[in-house]
Amino acid sequence: MATTTQVQPGSALTERIDRIEISATLAVVNEADKLRLSGIDLVDFGAGEPHFSTPQHIKDAAIAAINGNFTKYTPVAGTAELRDAIVHRHAVDFGSDYRRQEVIASTGGKHALFNAIQVLVDHGDEVIFPVPYWVSFKDIVCYAGGNCVCIETSEKKDFALTAEMIERAITPRTKVIILNSPCNPSGAVMDPDDMKEIVRMAASRGIWVISDECYVYLNFTGKRFSAGSLSEYRDRLVIIGSLSKTYAMTGWRLGYALAPAQIVSAMQKLQSQSTSNATSIVQKAAVAALTGPQNCVEDMRQEYIRLRDQVVKGLNSISGLHCIRPEGAFYAYPNVSAFFGRKNLDSAGQVAERLLQEAHVVTVPGEGFGTREHIRVSYATSPAELERGLERMRSFFAAL
Ligand SMILES: Cc1ncc(COP(=O)(O)O)c(C=O)c1O
């Protein structure tokens, strides 16, 4: 007769799962949820998602898909209709010329990024990316067995990244460079010329560039730019895109990668052994988003610009806080180091924790993004809620 044995804690887990941590942003959400459940009224600047509802025509397309019984498996990389819609949207907005075989739809941009890194990064390969970085870059690379090479940037220079800075970090083991513009968490936007130079330099050395462009439509400079428009370097480029932020669709989970057909085909192989296809109904909604009216995207961008101005003004009016003006995404990244040494505070993590426990404002500490002097403030919320949170922060910091 079969017997079951008690698994000892820790003994069942693989070495690779122990290499990674739960996303710092999700950890904050969990802690905030606990306080909320105990009845505390929080102001939430932690969430990395739009406060807008998904536009109605996108929701309607999903409802029609359900009612039309579009509820079966689809091809792994997505329906031909969706792949063509992604390629078409990118061509219209950025002047690129990808083909259907060069795109794969996945369950969110994070999934597309995960797949891309798993197919490109081997044990011991080095992956370069700048600090501050989006939390998941580090853990996804570690999970693949790669070594992260983080490049410091300067807040005084608006966290700018240049080809020379990257060139200094390149070794014979460098396999991939990850770019993220607009950046989560700093909101920094790369100068298109710097990006072109990095992509050119990388291609000339046979190094891959993964350009995470999940916030590409939330660019406030008026010079929206995708590395995918650099067709001469396309054989070393992977573009990661997402509908999450662009169309306020975070929960729908639809992202994509644009890449050489050989890479797409390897990602397809991996995806075929895990999630198979993105949800059929969501694929129909995504087609409606990408081919339907685009004024919703511009309307949301304009609102984020107004909110950005409000939050930067508010944060900089708090004595001791310093916040650069982000040029994209929906995050402000104020420096809180002036408060270190006061009331036993000496890290961003402690500032964020005390802000949560004492002022009931949720922010994300910079440590998860590779810097210990900042907190991330997501301003994707209403102007009134933003003001309410700023007021709480003002009182909190004034009392330190
Ligand atoms: C820089 C960056 N890349 C990718 C993603 C993934 O977004 P999603 O998986 O919702 O498409 C996020 C989400 O916060 C992000 O901030």
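For ligands, and for the atoms within them, numbers begin at 1 and follow the listed sequence.
- Heavy-atom proximity to atom 15 (C) of ligand 1, evaluated over Trp252, Trp134, Tyr133, is greatest for Trp134.
- Nearest to atom 13 (C) of ligand 1 by heavy atom, out of Lys245, Glu213, Lys110, is Lys245.
- Contact annotation: for His111 versus ligand 1, there are no heavy atoms closer than 4.0 Å.
- Atom 3 (N) of ligand 1 has Asp212 OD2, 2.5 Å as its closest protein atom, hydrogens excluded (heavy atom only).
- At a heavy-atom distance under 4.0 Å, only side-chain atoms of Arg253, from C-beta outward, approach ligand 1.
- Residues Tyr379 and Phe330 place their aromatic rings such that the two centres sit no closer than 6.0 Å.
- Heavy-atom contacts of Tyr215 reach the following atoms of ligand 1: 1 (C), 2 (C), 14 (O), 15 (C), 16 (O) (cutoff under 4.0 Å).
- Residues Ile66 make up the rest of the hydrophobic cluster containing Ile281, defined by ILVMFWY side-chain heavy atoms closer than 4.5 Å, directly or through other members.
- Near Gly108, meaning under 4.0 Å from any of its heavy atoms, are these atoms of ligand 1: 9 (O), 11 (O).
- Checked against the 6.0 Å centroid threshold, Phe94 and Phe225 do not count as a close aromatic pair.
- Below 3.5 Å of separation, one finds an N or O of Gly109 facing an N or O of ligand 1.
- Relative ring orientation between Tyr98 and His90 is described as perpendicular, the plane-to-plane angle rising above 60° on a 0-90° scale split at 30° and 60°.
- The shortest heavy-atom distance from Asn180 to ligand 1 is under 4.0 Å.
- Once rounded to the nearest 0.5 Å, the distance linking CD of Gln283 with CZ of Arg83 reads 10.0 Å.
- Residues Phe129 and Ile140 share a single hydrophobic cluster, defined by chaining ILVMFWY side chains whose heavy atoms lie under 4.5 Å apart.
- Counting the atoms of ligand 1 from 1 in the order shown, those under 4.0 Å from a heavy atom of Ser244 are 8 (P), 10 (O), 11 (O).
- Clustering of Ile, Leu, Val, Met, Phe, Trp and Tyr by side-chain heavy atoms under 4.5 Å joins Val92 with none of the others.
- Residues Tyr143 and Phe114 place their aromatic rings such that the two centres sit under 6.0 Å apart.
- Distances shorter than 4.0 angstrom occur between a heavy atom of Ser242 and an atom of ligand 1.
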